[in-house]
Amino acid sequence: MKKVVSVVGARPQFVKAAALSRAFAACEGIEEVMIHTGQHFDANMSDIFFSELGIPAPKHHLGIGGGKHGEMTGKMLAGIEEILLAEKPDCLLIYGDTNSTLAGALAASKLNIAVAHVEAGLRSFNRRMPEEVNRVLSDHVSKWLFCPTQTAVNNLKTEGITHGVHMVGDVMYDAALDAAKRAQAGSDILARLGLAAGSYSLATVHRAENTDDSQRLQAVFDHLKAVSAERTVVLPLHPRTANAVKAHNISLGFLNIIDPVGYLDMTALLVNCFDVHTDSGGVQKEAYFHGKECVTLRDETEWVETIEAGWNRLWTQPVMAVEKRAISDYGTGNCAGKIVSVLLREL
Ligand code: UDP
C-alpha cells in the first residue's frame with residue numbers, strides 16, 4: 001500500500017479534493033492522508049464543503065489562518081514538514097496555487113518526497129499575483145504535473161518542463177458534474193432567496209488584485225452596478241472582500257448580498273443564473289460547465305480556452321463572441337481517475 005499525503009487549505013482546494021479523495025478511497029493500492037492547513041476556516045468557507053461533498057475529515061489540522069503571506073507560508077511549511085517526517089509518505093499531493101500549495105511543495109521537496117501538482121502549468125503571466133508565484137514555484141519542484149489544458153502543457157514546455165507532465169483534464173469538471181446531479185434535490189437556495197431561474201446574474205469577487213486596491217474595487221462594483229440596472233445581481237460575499245468594502249467605504253445597496261454558500265447552493269445558483277461576473281478562476285470554468293456566459297473581472301485569465309471558445313470575456317473586452325464551441329480539454333469528468341491511475345502505476 002502506497003501513502004499519499006494531500007494538502008488542502010482554501011475553498012477551491014476542497015472542491016478539487018472532493019473529486020480526488022473519492023477516487024483515492026476507491027483505489028485499493030493508495031492510502032490518502034489529508035492535511036488541512038486552516039487557510040480558510042469559517043464554517044461556510046470550509047466545514048460545509050467537507051460535510052456536503054463527503055470529503056473525509058483531515059487527519060491533520062494545522063489551524064494556520066490569517067497573517068501575512070510570508071508568515072502564513074512559513075508556519076505552514078514548518079507544520080507540514082513535521083507531519084511529513086512522521087507520516088513518511090511516498091508522495092505529497094498539492095492543488096492549485098495558494099500559500100498552502102507552495103508550503104506543501106517546499107516542505108516535501110526539502111525532504112526529497114516526490115510532489116504531485118494537480119492543476120499544474122496554469123499561468124496568468126502576471127507575477128504581481130501571489131497565485132502566479134505559488135504556481136510557478138510549485139511546478140518547478142513537482143515530479144508529476146497534472147495539467148487541465150493543452151495550454152498548461154505548453155506553458156510548462158516553455159519553462160523547460162516536459163518530464164512527468166500529464167494532460168488529464170480538469171478535476172473541477174468532475175466535481176461540477178457530480179454537484180449538478182445533486183444540487184437539484186440538495187439545494188433550495190432559489191426558493192430561499194426568492195429568485196426565478198434565469199432572472200439574475202451571479203457574481204463573485206475575492207482576488208487580492210481587486211480587493212487590495214480601492215480604485216479597482218470601486219471599478220468592480222461600478223461594473224456590477226451597471227449589471228444590476230438590467231437584472232438582480234446575487235453576490236455571495238467573500239470575507240476578504242467584505243473587509244475591503246468596509247475599509248474603503250464602498251456602498252453595495254444595489255446588490256443582493258449573501259454570505260458565502262456551500263458547493264451545492266453555489267452549483268444551483270450557477271445552473272439557474274442568467275450569466276456570471278467573477279474574478280475567480282474556478283467560477284469562470286463552472287460558468288462554462290453549466291452553459292453560462294461569463295465576464296471575468298480581471299485583465300488576464302489562465303483559462304484562455306473559455307475565451308477562445310466564446311463563453312467568457314475579460315471585462316476589458318467590449319463584447320462576448322456570438323459563436324460558441326465546446327472545450328474538449330477539460331475532459332469527460334474522469335480527471336481524478338486518471339490522476340490516481342498515474343500515481344498507482346508510478347509510485
Ligand atoms: N464557491 C462556493 N461558494 C461561494 C463562492 C464560491 O462554493 O460562495 C466555489 C466556486 O463555485 C468554486 C470555488 O468555490 O468551485 C472557487 O473558489 P474561489 O473563487 O474562492 O477560488 P479560485 O477558483 O479563484 O481559486
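For the numbers below, each heavy atom of this structure counts, side chains included, while hydrogens, waters and symmetry mates do not. A quick note: this is a predicted structure, and the numbers were derived from the prediction, not measured. Just follow the structure's listing: the first ligand is 1, and inside any ligand the first atom is 1.
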Quiz prompt | Basic-acidic side-chain contact under 4.0 Å: Lys3, Glu87 | solution = yes
Exercise. May I ask you to decide whether Glu293 forms a salt bridge with Lys324, counting only side-chain N to carboxylate O separations under 4.0 Å?
Key: yes
Ignoring hydrogens and angles, write down the donor-acceptor pairs under 3.5 Å from the side chains of residues 333-347, residues two or more places apart or on other chains.
{"from": "Asn334", "atom 1": "OD1", "to": "Gly337", "atom 2": "N", "distance (Å)": "3.4"}
{"from": "Ser341", "atom 1": "OG", "to": "Gly337", "atom 2": "O", "distance (Å)": "2.9"}
{"from": "Glu346", "atom 1": "OE1", "to": "Trp144", "atom 2": "NE1", "distance (Å)": "2.8"}

Quiz prompt | Amino acids contacting ligand 1, non-hydrogen cut-off under 4.0 Å | solution = Arg11, Pro12, Val15, Phe49, Met172, His206, Arg207, Pro236, Pro260, Val261, Gly262, Tyr263, Met266, Ser280, Gly281, Gly282, Val283, Glu286
Quiz item: Are Arg123 and Asp139 ion-paired here, with the side-chain N under 4.0 Å from a carboxylate O?
Solution: yes
Quiz item: Under a 4.0 Å N-O cut-off, is there an ion pair linking Asp265 with Arg192?
Solution: yes
Quiz item: Are any of the side-chain nitrogens in Glu119 or Arg135 under 4.0 Å away from the carboxylate oxygens of its partner?
Solution: no
